[in-house]
Amino acid sequence: EQIDDFDGNDSVKAVVLRVESPGGGVVPSQEIYDRLKKVKENKIVVASLGAVAASGGYYIACAADKIVANPGTVTGSIGVILQFPLFEELFRKIGIGSTTVKSGKYKLLRLGSRWDSRTLPKIQPVEFAFSPAGSSISDELLQKMNDVLKKDGQVMLLLNRRGFAPTVKCSDCGHSLKCPNCSVGLVYHRSSNSLKCHFCDYQSRTTDTCPQCSGRSFQYYGVGTQKLEDEIAVAFPNVTYARIDLDSVKQGSNLPRILNDFRKGKIKILLGTQMIAKSFDFPHVALMGILSADSYLEFPDFRSREKTFALLLQASGRAGRGKFPGEVIIQHSEVYKQFIENISEDRVSEFLDCELESRRELQFPPHKHLIIMHLKSASKLNGETAVNALDAVFRQHEKHYSNVFDLLGPAESPLFKVRNNFRWQFLMRTKSVFKALEIIDYILDLDYTKKILSRMTISVDVDPMDML
């Protein structure tokens, strides 16, 4: 009935439709999909699938050309395209930054200034190299913090890495301590004197002996929020501070208390992960310091630049929202100097145009949809055999899909082992998700395919938010 009302109202050109069954987690019915397909050609439907955004949910949302899948939750924020990097389908449909807007078919509305005509924060990139024995706070940031605190302002520090040190190495042989269940290193948490895996929650006490060479000395590399907290305590012994990350707010009462104390001015320095980067409005924050800003760019994800730009711009907006003018210090390495120096509100369009051109060359979203087929197995040998056999099946049917999607892979997933499961992936680039999924379903439903994949777990993700 809601779809009928929308379709019959000529004054409404687009709608955000939340498609979800009463029980949640059930794929929308074929009836809903069939009705969406019949919506008038000049209208856009954004299907916000919420809890049912599994592969089946995306299947429904992406099937019709006019239907747009939104993998996030639409909040109504003006900056929705930046806050939800995967809102690319709507981005593509309305043609922001393209000839569609220039032709006048759609109108792009921008917020030209802050509320109450307040000035945007001044952003200062600072090239900075970490050293194991040195501070994680640059001299420039330290000086700015002193200046702000002397004026009774507040400071926020963003470091998107939990724990004390993300890498623990043997001083004798250089062996890094790894999680036994995942292909990632263990993170040292000094507050609990333990080593933790942030993917499978494996935890062990710190060790005195290297498992590789029996050495007795370890070095701790990198910096996490716990180490940053220690540095703040030394640098500002008479200043109140608090830390917000997953470890510090596991007890539900901690977060509201910390935020309330910071808003009242009882806490002068608030440090944390990206939990503090968005949505907060603290009028006395005069300085936002962002540490290891370019570490986000090192993820094997074609959206890493977009996500980093969005996160840093959002974090910058926490400063200067009251009587204090805002300043932002972004610490970065020399490698990403040019990218960091171009982060500012007045360069959003320039960044998006550049990013769209890069995506066009790679034929990645929003120019084409990206489908990832994940396969995992508890046995590495069995998994490799099954993946290679599936690859052969796909190649045998190449004539059926060569005009529908490009097949890339198979390859080991960037995180090859997680929770004692080995992982591989196939990538498909396509302009027709519906046809691509039909072909994938057909191949996976073959008796031979079922046999070779009988011990594998398979999932298909359309326009995934996470490439790991």
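Just so we're clear, the structure is a prediction, and the values are computed from it rather than from any experiment. Nothing fancy with the numbering, it's 1 onward along the sequence.
Residue Lys376 places its NZ atom among 12 or fewer non-hydrogen atoms of other residues, nucleotides or ligands, all under 6.0 Å distant. Environment of CZ in Phe299: sparse, with no more than 12 heavy atoms of neighbouring residues, nucleotides or ligands closer than 6.0 Å.
Checked by atom type, the side-chain pair Asn342/Gln338 shows no donor-acceptor distance below 3.5 Å. In summary, the side chains of Thr225 and Asp245 do present a donor paired with an acceptor at a separation below 3.5 Å, with no hydrogens or angles considered.
Close placement of the Phe262 and Phe282 rings is indicated, their centers lying within 6.0 Å of each other.
For Asp172 and Arg216, the salt-bridge test fails: no basic side-chain N is under 4.0 Å from an acidic carboxylate O. Ion pair Lys144/Glu327 flagged as a salt bridge, since at least one NZ, NE, NH1 or NH2 atom sits closer than 4.0 Å to an Asp/Glu carboxylate oxygen. Salt-bridge annotation for Arg263 and Asp261: absent, with no side-chain N of the basic residue lying under 4.0 Å from a carboxylate O of the acidic one. Between Asp281 and Arg318 there is no salt bridge, since none of the side-chain N atoms of the basic residue sits less than 4.0 Å from a carboxylate O of the acidic one. Arg360 and Glu357 are joined by a salt bridge, as a carboxylate oxygen and a charged side-chain nitrogen come within less than 4.0 angstrom of each other. Between Lys196 and Asp201 no salt bridge is recorded (no basic side-chain N to carboxylate O distance below 4.0 Å). Using a 4.0 Å cut-off between charged nitrogen and carboxylate oxygen, Arg162 and Asp247 count as a salt-bridge pair.
Looking at Pro166 and Tyr221, their side chains never come closer than 4.5 Å, going by heavy atoms from C-beta outward.
Taking the six-membered ring for Trp and thresholds of 30 and 60 degrees, Phe422 and Phe416 have ring planes inclined between 30 and 60 degrees apart.
Geometrically, Lys151 does not engage Phe324 in a cation-pi contact, judged by NZ or CZ lying under 6.0 Å from the ring centre and within 45° of the ring axis.
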